[in-house]
Asker: 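Got a structure here, written out as C-alpha cells. Questions coming.
Quick caveat, the model's predicted, so the values are computed rather than measured. Proteins get letters first, then strands, A, B, ... in listed order; numbering begins at 1 in each.
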Amino acid sequence: MTQDKQPATTIITIEDAGKHVGSTVTIRGWLYNQRESGKLLFPIFRDGTGVIQGVVSLKEHAEAFNALKGLPQESSVIVTGTIRAEARATGGFEMHVSNVEVVQRVSDSEPYPIQLKEHGVDFLLDRRHLWIRTPRQAAILRIRAEAELSARIYMDSQGYTLTDAPIFTPAACEGTSTLFEVNYIDDQKAYLTQSGQLYVEATAAALGKVYTFGPTFRAEKSKTRRHLTEFWMLEPEASFAHLEDMVQLGEGLVSAVVQSVVKNRTRELETIQRDISKLEKIVPPFPRVSYDDAIKVLQKAGNPAKWGDDFGGDEETILSKEFEKPVIIHRYPAAMKAFYMATDEQRPDLSLSFDMIAPEGYGEIIGGGERLANYDTLVKRLREHNLPEEAFQWYLDLRRYGSVPHAGFGLGLERTVAWICGTEHIREVIPFPRMLYRVYP
RNA sequence: UCCCCGGUAGCUCAACGGUAGAGCAUUCGGCUGUUAACCGAAGGGUUGCUAGUUCGAAUCUAGCCCGGGGAGCCA
C-alpha cells in the first residue's frame, strides 16, 4: 500500500461544501459530467455525499483546465479549489478549481455506459454496480440505511432483543411459498429461509420480546414491481402479546422509521423529489378496518370482492386510497391464513391476523397476528396443510413446554422503503436486487 | 404456470411491404457562465434467432430465445 499524497488543503465532502465558502479545499471523487464553453469548463464532481459544479478557466488555471478538458465521465479525481456561493450553480455552491490530480482516467475507447439521460430498466439493471453511482440511487440507498438503523433503534427502545434466525432451514416455515432448495453437506437437502418467524417464536419463549432482521428468500414466480426473490424482513415476536399489541407495535415502528427518514435524510428525500408533506402525516394512530368492513368498502367502490376472497393488488390499492396513512386490515378469514395463526374465540371463522397496507398503492408492508398456542390444534393444522410433522417437532416443543399466547409480525423492508421513497419499483431500494430471472450482477 | 407488451446504431426511440433514420454518446472543430449547454462535421447497423409467405420483409405468419408489466402467491 502506498500512502495517498497529502494535499496541502483540507479535504472535505461535498455535502459540507456550504461550510467552507471562501476557503480553498480538496474534494476526492469522480467526474460526474462536464460541460464546455470555449475557454471555460464546468465539470460536475460527485463524491458519494453529493454533487458540486466546478468552474475552471484556461486563462487562470491552464494546467487544471488541460487536465480536465476531454476527461471522460467517471474518471476519478482529486480536485482543489475555492468554494463560492453561486446562484447559477445547482446546489447553490461551486468550486473554482485550481488544481486537478487525475487518479484514474477512463479510457476513451470504453466510455462510461451510463449517461445523464434516460435509460431502459434492463440496461440499468445489467449495470446496477454502476447505476448506484447516480445521485438518485445513492440517495435511495442512504434512505434504506436510515430505515434499517431507525427500525433497530425503535425495536430496542421497546424492549425487544435482536435474535438472528438461520438462513438454512430444514423445511417450509409456512408451506405456502415456494422454497429455494440447496444441497447441504453429504446429500442432505436444506432450504433458504422464507421467514424467521418459527425461530423467533422459540427465542420469544426464551427472551420474552425479540425480533429478527435479515434476508428472506421466496422462489415465487412473481414478476411485479412489488416482488424480489431475496428481500429483508424485520420480524418481532412477543410472549404473552395479543393482536392489538402487535398492531400498536407495527404502527409505532413504521411511524418511527418514516419520521427518522424525514428528519435525518431530508436532503436525500429532496434529491429524489419525494413529497415530504405526505410522509410527515405518518404518525399513530393508523386507521383500522376489519376484514368484514373492508369487504363492504370494496363493494361500495364497485369491486366484485365477496367475503372469503383474499385481497390482490387492486383491492389493496382501493383500500389504501381511502386513507393518507397506512391502513390496518384485521381479522381475515382463518381459511386464507397460515397454519400457525390463532383464531378468534367469538368468531372461529376469523383469524387473529392483520396486514398493514401502505398508502399510494405500495401494497402490504406488514403481515402478522397472534399464533396458535395449543398443541393439539397445531398438530391438526399441520396435517390439514400437509406439512411434514417430523420437521416441525422442535416447533411443537414450544407448545409442549410452557406454551403461552404470543404474537408477532413481519415487516418487508423493501416495500416500506419503496413507499417512503415513492419509487416506481422495489428493485431500486436494495443495492443488488434479486428477481425472477435476474441474479446479475 | 397463465395473460398482455416489447426486442432496430453504445443509449433512447422513429421508420409498419419498396435504398434503415433522428437525438444523445464517441472522435474532430468552434464558443468565457453552462444547467441532460449550444453550433458545425465525421465514424458507427447481419433490425433477438430460425423457418415461411412475397418480385421484395425491420415491417406479415409460425416457433424459439431474452426482457418488461400483471394474475396467482406473497413482505
Asker: Rounded to whole Å, how long is the line connecting atom CZ of A/R35 with atom C1' of B/A25?
Answerer: 16 Å
Asker: Using the P atoms only, state how far B/U8 lies from B/C2, rounded to an integer number of Å.
Answerer: 26 Å
Asker: From the set B/A36, B/G72, B/C74, return the single nucleotide nearest to any side-chain atom of A/N33.
Answerer: B/A36
Asker: Check A/V79, A/V51, A/N33 against A/F45 for a side-chain contact (heavy atoms from CB on, under 4.5 Å) and give me the one that passes.
Answerer: A/V79
Asker: Answer yes or no: does a side-chain N or O of A/R226 lie under 4.0 Å from OP1 or OP2 of B/A71?
Answerer: yes
Asker: Counting any heavy atom closer than 4.0 Å, what does A/F123 reach on the DNA or RNA strands: base, sugar-phosphate only, or nothing?
Answerer: sugar-phosphate
Asker: Scan every strand shown for a Watson-Crick or G-U wobble partner of B/C60, both distances under 3.5 Å, and answer none if you come up empty.
Answerer: B/G52
Asker: Measure from CZ on A/F311 to P on B/A75 and round the result to the nearest Å.
Answerer: 15 Å
Asker: For B/U53 versus B/G67, give the span between their P atoms, rounded off to a whole number of Å.
Answerer: 32 Å
Asker: Taking any strand in view, what nucleotide pairs with B/C38 in a Watson-Crick or G-U wobble way, both distances under 3.5 Å?
Answerer: B/G30
Asker: When the distance from NZ of A/K223 to P of B/C74 is rounded to whole Å, what number comes out?
Answerer: 20 Å
Asker: Take atom NE2 of A/H227 and atom P of B/G68, then tell me their distance rounded to the nearest Å.
Answerer: 15 Å
Asker: Give a yes or no on whether A/K189 atom NZ has more than 12 heavy-atom contacts from other residues, nucleotides or ligands under 6.0 Å away.
Answerer: yes
Asker: Here's a test of your reading of the structure: between A/R127 and A/K39, which maps to the more 5' nucleotide of RNA chain B?
Answerer: A/R127
Asker: Expressed as a whole number of Å, how far does the C1' atom of B/U12 sit from that of B/G6?
Answerer: 14 Å
Asker: Would you indicate which nucleotide in B/A36, B/C31, B/G69 comes nearest to any side-chain atom of A/E36?
Answerer: B/C31
Asker: In whole Å, measure the gap between the P atoms of B/C3 and B/U59 for me.
Answerer: 24 Å
Asker: As a test of reading the structure: which of B/U32, B/G33, B/G72 is closest to the side chain of A/K59, going by heavy atoms?
Answerer: B/U32
Asker: For atom C1', what is the distance between B/A20 and B/A14, given to the nearest Å?
Answerer: 10 Å
Asker: Can you identify which nucleotide, out of B/G33, B/G68, B/C73, has its nearest atom closest to the A/E220 side chain?
Answerer: B/C73
Asker: For the pair made of CD in A/E148 and C1' in B/A75, what is the distance, rounded to whole Å?
Answerer: 14 Å
Asker: Measure CG/A/L125 against C1'/B/G7 and give the value in whole Å, please.
Answerer: 16 Å
Asker: Please tell me which of the listed nucleotides, B/G10, B/C74, B/G68, lies nearest to the side chain of A/Q115?
Answerer: B/G10
Asker: Quantified in whole Å, what is the P atom distance between nucleotide B/A15 and nucleotide B/G29?
Answerer: 37 Å
Asker: Quick one: label A/Q73 by what it contacts on the DNA or RNA (base, sugar-phosphate, nothing), any heavy atom closer than 4.0 Å.
Answerer: nothing
Asker: Which part of the nucleic acid, if any, lies within contact of A/M336, taking any heavy atom under 4.0 Å across all strands shown: a base, the sugar-phosphate backbone alone, or nothing?
Answerer: nothing
Asker: When you measure from the side chain of A/H96, which nucleotide among B/G33, B/U26, B/G68 comes out closest?
Answerer: B/G33
Asker: Can A/R438 be said to sit on top of A/Y440's aromatic six-ring, NZ or CZ under 6.0 Å from centre and within 45° of the ring axis?
Answerer: no
Asker: Considering only the P atoms, how many Å lie between B/U61 and B/A57, rounded to the nearest integer?
Answerer: 16 Å
Asker: When all nucleic acid strands are considered with a 4.0 Å heavy-atom cut-off, which category describes A/I114: base, sugar-phosphate, or nothing?
Answerer: nothing
Asker: Can you check the A/R434 CZ to B/C74 P distance for me, whole Å?
Answerer: 25 Å
Asker: Hey, is A/K296 close enough to A/D292 for a salt bridge, meaning N to O under 4.0 Å?
Answerer: no
Asker: Scan every strand shown for a Watson-Crick or G-U wobble partner of B/A71, both distances under 3.5 Å, and answer none if you come up empty.
Answerer: B/U1
Asker: Of all the nucleotides listed (B/A75, B/U32, B/G72), which has the minimum atom distance to the side chain of A/K221?
Answerer: B/G72
Asker: Any base atoms under 4.0 Å from A/E94, or only sugar-phosphate, or nothing? Heavy atoms, all strands.
Answerer: base
Asker: For the side chain of A/S37, counting heavy atoms from C-beta on, which of B/C74, B/C31, B/C11 is nearest?
Answerer: B/C31
Asker: Any strand is fair game: report the nucleotide pairing with B/A20 by Watson-Crick or G-U wobble, both distances under 3.5 Å, or none.
Answerer: none
Asker: Could you check whether A/G120 gets within reach of a base, just the sugar-phosphate, or nothing at all, counting any heavy atom under 4.0 Å?
Answerer: sugar-phosphate
Asker: Stacking between A/F42 and the base of B/G33 (centre distance under 5.5 Å, interplanar angle under 30°)?
Answerer: no
Asker: Flag yes if more than 12 heavy atoms outside A/E110 fall under 6.0 Å of its CD atom; otherwise flag no.
Answerer: no
Asker: Quick one: do A/K337 and A/D355 make a salt bridge, cutoff under 4.0 Å?
Answerer: yes
Asker: Let's test this: given Watson-Crick or G-U wobble pairing with both distances under 3.5 Å, identify the partner of B/A25.
Answerer: none
Asker: Can you tell me the Watson-Crick or wobble partner of B/G6, both distances under 3.5 angstrom?
Answerer: B/C66
Asker: Would you please test A/Y160 and A/F213 for ring pair (Phe, Tyr, Trp, His ring centres under 6.0 Å) and show each step?
Answerer: CA-CA 12 Å; A/Y160 284 74; A/F213 191 15; over 10 Å; no
Asker: Would you kindly compare A/H425 and A/L58 by the position of their nearest RNA chain B nucleotide and give the one closer to the 5′ end?
Answerer: A/L58
Asker: Start with the C-alpha gap between A/F123 and A/H119, add the side-chain angles, then the distance that decides, and say whether ring pair (Phe, Tyr, Trp, His ring centres under 6.0 Å) holds.
Answerer: CA-CA 7 Å; A/F123 179 84; A/H119 289 289; 4.8 Å; yes
Asker: So, OP1 or OP2 of B/C73: does either fall under 4.0 Å of a side-chain N or O from A/R218?
Answerer: no
Asker: Counting only heavy atoms not in A/E360 (residues, nucleotides, ligands), do more than 12 fall under 6.0 Å from its CD?
Answerer: yes
Asker: The side chain of A/R88 lies closest to which of these nucleotides: B/G68, B/A75, B/G33?
Answerer: B/G33
Asker: When the P atoms of B/A62 and B/C11 are considered, how many whole Å apart are they?
Answerer: 28 Å
Asker: How long is the line joining CZ of A/R427 and C1' of B/G69, in whole Å?
Answerer: 10 Å
Asker: Side chain of A/S222, base of B/C73: donor and acceptor closer than 3.5 Å?
Answerer: yes
